[in-house]
Amino acid sequence: MDYKKLADLLYPNTKSVDYYFDKYKDRKVNGEVTRIAPSPTGYLHVGQLYQGVIHRMLANKTDGLFYCRLEDTDGKREVENAGQIAYDMLCRFGLTPDEGYRGDNLEEIGDYGPYVQSQRVDIYRSFAHELVSRGRAFPCFCSVTNGKEEILKRREEELENADDLEVKDPCRDLSLEEIEKNLNEGKSFALRLKSIGEKDKTYKFVDAIKGEKEVRENLRDDVLIKSNGIPVYAFAHIVDDMLMKTTTVIRGQEWYQSLPVHIELAHAFGYTPFKYAHTPNICVLDEETGNKRKISKRKDAFADVRFFLRKGYPTTAVVEYILNLLNSDFEIWRKNNPTLHYSEFPFAISKMGVTNPMFDFVKLNDISKTIISRYTAEEVYNNLLAWAKEWSVEDVKTIEDNKDTLLKVLTIDRGGERPRKDITYFSEILDIYNYVLPNFEADFEINLGNVKKENLINFLTEYKDSYEEVIDNQTWFNDLKEKSLKYNFVDNKTYKQNPELYAGNVADTSKFVRLAITGKENSPELYSIMKIVGIDEVRKRIEKLIKILEKSRNI
Ligand code: GLU
């Protein structure tokens with residue numbers, strides 16, 4: 001067979017691949033060249049964010065480069081604006097690529113473009129031409145299997161006949177004349193790989209995460225370019241990563257099983273395959289079955305990374321949590337280096353485990369609380385405002401109108417050695433501190449415990465009537481204690497000696513005052529909150545509690 005002639009028939013008027021190899025010179029980068037290759041399917045998956053952290057960190061650590069390529073070849077699944085969203089999300093989480101696709105409105109950066117696959121059709125044609133002239137690909141004129149059912153049925157048969165690995169397409173043996181005849185009749189064709197793998201042979205290679213591996217050679221004549229001229233993932237991956245000089249292809253575990261095709265294809269072009277790193281899948285416990293399963297877009301709201309922004313997690317918290325999943329020594333490093341930026345962490349792909357990690361919100365929340373506890377009050381306020389402007393516009397006015405008050409309450413217990421860790425994400429701040437906002441009405445749940453109601457009412461009444469702002473916490477506390485003792489709220493020691501005196505202890509009195517003022521059992525330092533709320537409001541709120549106590553029989 002005259003393969004060159006066949007190539008010219010199938011792909012006339014293409015540039016030679018040497019043109020492209022000449023155009024895309026070797027990079028002058030010492031370190032790893034990594035890439036993220038989102039398909040525009042409507043959102044950035046948390047698994048892609050997880051990989052994005054690996055790409056970004058590996059490129060940083062090795063003085064390399066991280067670029068973005070948009071894989072928009074699957075027109076059917078495409079969602080409007082989705083490439084833009086994926087790119088924006090990477091940037092929002094601090095993983096901005098150095099090169100490549102930058103959304104639909106900004107020009108791409110870099111000398112290895114175009115970085116959008118739908119704009120690379122000419123390049124794919126040239127490489128298809130090359131493969132055919134090397135005798136390593138052939139046109140297939142069989143009708144397309146469109147229906148999902150048809151595909152599933154065929155797979156089932158392949159599995160049952162145990163020949164799922166070996167798929168030699170009947171069109172691989174068509175003569176040049178037959179092909180020419182089909183083309184003249186206007187028949188469309190898909191391009192298939194002419195596989196030359198052998199049944200008992202394997203490829204050995206090192207996966208940067210899995211270690212030394214051996215996989216069976218490829219025996220399948222897989223489709224490389226569909227009849228509409230659009231390449232499938234395998235073909236585009238090899239051509240693009242080859243021309244864009246990727247050094248390590250880091251991608252999800254789901255691609256591992258098609259690796260033999262990718263290796264064969266790279267060899268067919270005379271190219272030494274890239275290094276690969278197949279990442280484990282982040283999992284969750286399924287609420288219904290109790291089993292570990294992959295994150296699902298349908299079941300898990302956080303599969304779409306916008307979930308974290310909507311909640312108002314600091315993006316660094318999410319990235320640090322991911323680092324924690326990637327390298328188990330991150331936590332110790334963070335403890336020893338509480339103030340360094342996470343990018344200083346000595347990340348290494350070799351420290352990654354192979355087991356699928358579980359996504360643990362408790363851990364994420366803990367990291368997030370710690371990060372927010374280290375912010376200044378201004379930083380928390382600014383983040384809250386920015387969050388509301390994006391996700392909760394109806395709160396913006398409240399936040400702006402109460403700036404001073406919010407700053408005051410956010411300042412309490414902040415800045416010291418052990419800052420208060422009560423905020424997990426920005427969207428909960430207005431709820432946590434609702435008691436400093438205007439028109440607050442506490443919603444009580446009162447549990448008196450051993451405290452005698454009458455004593456409590458008497459105490460609260462005197463406390464309310466005599467309350468005035470004092471300059472320091474100690475004076476405030478002494479006053480509270482003095483009045484408590486007057487109404488038989490005693491300390492534990494006295495109680496032990498004289499149980500009949502018991503009406504509660506001093507901690508109880510502050511508990512009820514706190515409840516009256518904040519509606520909550522926990523809050524930052526009460527003394528400061530009462531100062532922020534002001535005398536009139538303090539009296540009003542205590543009065544309200546007294547009324548409730550007086551009215552209720554059951555409490
Ligand atoms: N477009 C592919 C995806 O979104 C990229 C896989 C890869 O990183 O090679 O899954």
Side-chain angles (χ1 to χ4, degrees), residues 32-59 64-79 81-90 93 95 97 99-101 103 112-120 124 205 207-210 222-226 230-266 271 273-282 294-297 303-305 322 326 349 352:
E32 296 273 6
V33 177
T34 62
R35 92 293 191 271
I36 193 157
S39 300
T41 47
Y43 67 110
L44 192 76
H45 191 275
V46 67
Q48 286 173 305
L49 187 70
Y50 169 78
Q51 280 163 18
V53 176
I54 311 176
H55 299 305
R56 182 68 278 171
M57 289 297 279
L58 186 63
L65 179 138
F66 167 41
Y67 72 89
C68 179
R69 177 170 73 229
L70 189 66
E71 305 211 324
D72 60 343
T73 50
D74 191 353
K76 268 187 238 140
R77 286 196 307 158
E78 188 152 337
V79 175
N81 216 18
Q84 180 76 47
I85 294 173
Y87 179 78
D88 287 347
M89 288 304 114
L90 285 173
F93 282 85
L95 306 173
E99 181 182 301
Y101 171 76
Y112 294 81
Y115 295 87
V116 175
Q117 284 185 333
S118 58
Q119 295 166 21
R120 299 175 64 77
Y124 300 134
F205 65 98
D207 182 288
I209 296 171
K210 293 170 176 293
D222 272 0
V223 169
L224 300 178
I225 299 191
K226 292 182 276 188
I230 303 291
V232 301
Y233 169 82
F235 188 81
H237 149 50
I238 297 299
V239 171
D240 293 349
D241 284 314
M242 195 160 64
L243 293 180
M244 295 178 185
K245 319 287 175 188
T246 307
T247 58
T248 301
V249 171
I250 300 162
R251 60 184 183 185
Q253 168 63 22
E254 64 274 18
W255 298 105
Y256 187 68
Q257 60 189 35
S258 32
L259 188 60
V261 184
H262 306 158
I263 295 177
E264 177 165 18
L265 201 50
Y271 197 77
F274 326 88
K275 286 183 275 176
Y276 282 97
H278 290 91
T279 64
N281 292 316
I282 308 181
K294 271 170 69 173
I295 294 171
S296 126
K297 184 187 175 187
D304 178 342
V305 301
I322 290 176
L326 293 172
I349 210 164
M352 280 180 65

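Values reported hereafter were calculated over all heavy atoms of this structure, with side chains retained and with hydrogens, waters and symmetry mates removed. Counting starts at 1 for both ligands and their atoms, in listed order.
- Closest to atom 8 (O) of ligand 1, if we only count protein heavy atoms, is R35 NH1, 2.8 Å.
- Within ligand 1, counting atoms from 1 as listed, the ones closer than 4.0 Å to a heavy atom of R251 are 7 (C), 8 (O), 9 (O).
- Distance from atom 6 (C) of ligand 1 to its nearest protein heavy atom, with residue and atom name: W255 NE1, 3.5 Å.
- Side-chain rings of H237 and Y276 approach one another, their centers coming within less than 6.0 Å.
- Partners of K297 under the salt bridge (Lys or Arg N to Asp or Glu O under 4.0 Å) rule, at least two apart in sequence or in another chain, do not exist in this structure.
- Among protein heavy atoms, atom 5 (C) of ligand 1 sits closest to A37 O, 3.2 Å.
- For the salt bridge (charged side-chain N to carboxylate O under 4.0 Å, His left out) condition, the pairs that include at least one residue of residues 233-246, sequence neighbours left out, are D26-K245, R35-D241, R69-D240, R69-D241, R120-D240.
- A ring-centre distance under 6.0 Å is found for Y233 and W255.
- Among E254, E71, R69, the residue whose heavy atom sits closest to atom 1 (N) of ligand 1 is E71.
- At the shortest separation from atom 9 (O) of ligand 1 among protein heavy atoms lies Y233 OH, 2.5 Å.
- Panel note: side chain Q84, backbone N81; no donor-acceptor pair is recorded below 3.5 Å.
- Ligand 1 does not have Q51 within reach: every non-hydrogen atom of the residue lies 4.0 Å or more from it.
- Counting heavy atoms under 4.0 Å from ligand 1, residue H237 does not touch it at all.
- Relative ring orientation between Y101 and Y87 is described as perpendicular, the plane-to-plane angle rising above 60° on a 0-90° scale split at 30° and 60°.
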